[in-house]
Amino acid sequence: MIPLSTRMRPQDLDGFVGQKHFFYKGSLLYNAVVNGTFDSAIFFGPSGTGKTTLARIIAGMLDAEYNEINASETGTKELKELISRAKDSFYGLQRKPLFVYIDEFHRWNRLQQDSLLKALEEGVIRFIASTTENPYFAVNNAVLSRVRNIYEFRKLSREDLIGLLNRALDDRERGFGNLEVERDEEAIRAIAELSSGDARVALDTLGFIVDNLKLPGRITTELVAEAMQRKIGFYNTKDDRYDLLSALQKSIRGSDPDAAIHYFARLVDGGADIQMIGRRLLVIASEDIGMAYPSAVSIVTACVQAAMMVGLPEAALNLAEAVILLASSPKSNRAAQAYWEAAQDIASREIGPVPDHLRDSHYSGAEKLGYGQSYIYPHDHGGYVKQQYLPDDLEREGIRYYRPSENGAEAGFKKFLEDLEKRYGNHQG
């Protein structure tokens with residue numbers, strides 16, 4: 001039986017869902033495909049986000065022979081045969097390039113990747129390389145320099161997945177539109193939430209439920225929980241998700257590790273993914289802990305990275321450590337407050353230029369303009385020397401953005417700045 005995710009693959013550009021940050025009607029990529037000027041590209045991102053689907057749609061609209069290969073199954077011999085066939089096609093009577101979709105491109109070694117270089121330069125091959133790895137680390141620089149277009153695919157939003165699921169239920173040709181299947185909105189929402197932005201997981205979960213549903217039937221949250229082997233409780237709505245994230249941050253800010261770990265556990269139980277929780281914890285590390293414990297952001301980053309490597313359910317242990325650490329740390333929002341105030345000034349008022357002595361002097365003509373000439377190098381004076389750094393108007397006003405607290409490690413930074421002020425009369429601290 002063909003999986004629902006395969007049956008429901010869109011056949012044209014208008015049916016493609018997601019990736020609105022680079023692909024929409026009128027975007028450069030959309031126009032390149034429609035106008036026939038598409039050359040080659042690298043698609044990278046998580047599974048189930050549309051990389052293969054979009055590649056097949058593009059290939060279907062190009063006047064070229066199409067081949068699809070998987071780098072994990074194709075060796076050097078097959079690759080050489082492919083390039084040889086591409087040359088025969090390109091230099092033959094029709095002069096058509098060979099269009100190749102290469103899945104899991106990162107699995108090819110350097111020699112295999114480099115074997116494409118000449119064919120790419122000559123225009124013999126046009127290709128889309130697909131990878132779940134960051135191409136700037138997994139693909140040779142020589143290939144990257146010849147493929148100008150690199151597109152990052154992101155996980156699909158809940159709304160995108162809900163749209164795909166309802167489309168499958170209503171489609172009479174490829175989906176379940178001809179069956180007597182009703183749905184609870186909460187159930188469809190639950191599938192979308194628990195699929196973590198992966199369209200393949202969402203659609204195949206729906207397919208499994210409907211294929212094994214006694215008809216006429218109804219898709220309920222209980223069936224979704226059974227199919228996905230996950231408890232589905234209150235965590236069904238967008239408001240719940242953000243309410244829990246808000247409660248988590250406010251409990252950490254209030255230094256209540258018990259409440260913080262409670263809301264964290266509810267997020268995990270409700271299907272929140274690692275990235276969603278991890279992003280919020282990293283923000284908290286800088287916004288709420290900040291200079292009171294500067295190492296917090298490094299430790300939380302390590303915990304989030306570990307969680308990404310381990311995966312759920314064990315990843316919850318890595319994230320729980322970060323939650324407890326943040327809730328139990330001294331707090332300061334003074335670094336965040338300093339940024340917010342500086343950004344507000346920049347947005348709301350006219351501010352003078354960078355002082356001449358701070359301007360870049362490493363180019364021809366800077367000396368004639370007087371840039372950088374009176375700058376004093378602090379390291380030549382024991383690490384500090386009094387001189388103006390703010391623009392003239394802010395300096396005259398005695399502007400201070402950073403006002404350190406007495407909390408945690410920030411007390412040490414506060415004392416250092418106050419000592420400078422006492423010694424040199426500088427308006428810091």
Side-chain angles (χ1 to χ4, degrees), residues 134 245-261 263-264 267 274-310 315-347 354 358 377-390 394-395 398-424 426-429:
N134 188 327
L245 286 170
S246 176
L248 171 65
Q249 181 164 6
K250 288 171 182 172
S251 298
I252 290 175
R253 184 181 295 149
S255 298
D256 189 332
D258 299 306
I261 204 70
Y263 291 117
F264 165 71
L267 278 162
I274 295 170
Q275 287 187 330
M276 180 192 301
I277 300 172
R279 282 194 297 266
R280 182 59 66 101
L281 294 178
L282 287 169
V283 169
I284 293 169
S286 292
E287 179 182 346
D288 294 304
I289 282 71
M291 296 295 290
Y293 184 30
S295 298
V297 69
S298 299
I299 298 172
V300 172
T301 298
C303 289
V304 174
Q305 290 175 339
M308 295 294 293
M309 293 179 64
V310 172
L317 303 178
N318 305 118
L319 296 177
E321 180 180 346
V323 169
I324 296 296
L325 172 82
L326 293 173
S328 305
S329 296
K331 308 295 188 297
S332 171
N333 74 336
R334 300 302 177 87
Q337 193 67 41
Y339 165 71
W340 292 330
E341 290 183 18
Q344 177 61 30
D345 271 356
I346 292 168
V354 173
L358 297 184
Y377 191 56
H379 296 296
D380 290 341
H381 299 269
Y384 179 82
V385 63
K386 183 179 179 181
Q387 64 184 325
Q388 178 183 333
Y389 293 100
L390 280 170
L394 298 183
E395 178 74 16
I399 289 293
R400 294 186 185 183
Y401 294 119
Y402 179 51
R403 305 176 188 87
S405 72
E406 296 280 0
N407 297 336
E410 194 164 30
F413 298 106
K414 184 175 190 290
K415 183 177 185 305
F416 169 75
L417 295 174
E418 288 177 343
D419 287 346
L420 289 179
E421 184 174 11
K422 291 176 183 176
R423 185 174 179 183
Y424 298 99
N426 193 48
H427 66 273
Q428 296 195 48

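We number each residue from 1, following the sequence as shown. The model shown is predicted, which means the values in this text are computed figures rather than measured ones.
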### Task
For Lys331 and Gly408, indicate whether the former's side chain and the latter's backbone hold a donor-acceptor pair under 3.5 Å.
no

### Query
Roughly how far apart are Leu248 CG and Leu326 CG, rounded to 0.5 Å?
8.5 Å

### Query
Below 4.5 Å, heavy atoms only, C-beta onward: do Ile284 and Ile289 meet side chain to side chain?
yes

### Message
Tell me whether Lys414 is salt-bridged to Glu410, with the criterion being a basic N under 4.0 Å from an acidic carboxylate O.
### Response
no

### Task
Apply side chain to side chain donor-acceptor pair (under 3.5 Å) to Glu321 and list each qualifying residue two or more places apart in sequence or on a separate chain.
none

### Query
Can you find a pair of side-chain heavy atoms, one from Tyr293 and one from Leu325, that are under 4.5 Å apart?
yes

## Note on the structure
Taken in chain and number order and not counting sequence neighbours, the residues that satisfy side chain to side chain donor-acceptor pair (under 3.5 Å) with Asp288 are Gln249, Arg253

### Task
Kindly give the heavy-atom pair with the smallest separation between Pro378 and Val385, and that separation in Å.
CA-CG1, 4.0 Å

### Query
Can you check whether Met291 reaches Tyr402 side chain to side chain, under 4.5 Å on heavy atoms?
yes

### Summary
In short, Leu390 meets Ile399 closest at the heavy-atom pair CD1-O, 3.8 Å

#### Entry: Spatial distance of atom CD1 (Ile261) from atom CG (Asp256) [nearest 0.5 Å]
11.0 Å

### Query
What distance separates Leu319 CG from Ile324 CD1, expressed to the nearest 0.5 Å?
12.0 Å

### Task
Could you walk me through whether Ile277 and Val304 pass the side-chain contact (heavy atoms from CB on, under 4.5 Å) test, one step at a time?
CA-CA 9 Å; Ile277 300 172; Val304 174; over 6 Å; no

### Query
So do Phe264 and Arg280 actually touch side chain to side chain, heavy atoms under 4.5 Å?
no

### Query
How long is the span from the OH atom in Tyr424 to the CG atom in Asp419, to the nearest 0.5 Å?
10.5 Å

### Summary
Pro404 and Leu417 have their tightest heavy-atom pair at CG-CD1, 4.4 Å

### Task
Taking side chain to side chain donor-acceptor pair (under 3.5 Å) as the test, write out the residues that go with Ser246, two or more places apart.
Lys250

### Flag side-chain contact, heavy atom, 4.5 Å: Tyr401 against Leu394
yes

### Message
For Val323 versus Ala260, what's the shortest heavy-atom pair and its separation?
### Response
CG1-CB, 3.7 Å

## Note on the structure
Closest non-hydrogen atoms of Ser255 and Ser329, given as atom of the first, atom of the second and distance, are OG-O, 4.1 Å

#### Entry: Interatomic spacing from CG in Leu420 to CZ in Phe416 - rounded to 0.5 Å
4.5 Å

## Note on the structure
Partner of Glu341 under salt bridge (charged side-chain N to carboxylate O under 4.0 Å, His left out), picked from Arg400, Arg403, Arg334, is Arg403

### Query
What heavy-atom pair brings Ala315 and Val310 nearest, and what distance separates the two atoms?
N-CG1, 3.8 Å

### CG-CZ distance between Leu245 and Arg279, expressed to the nearest 0.5 angstrom
9.5 Å

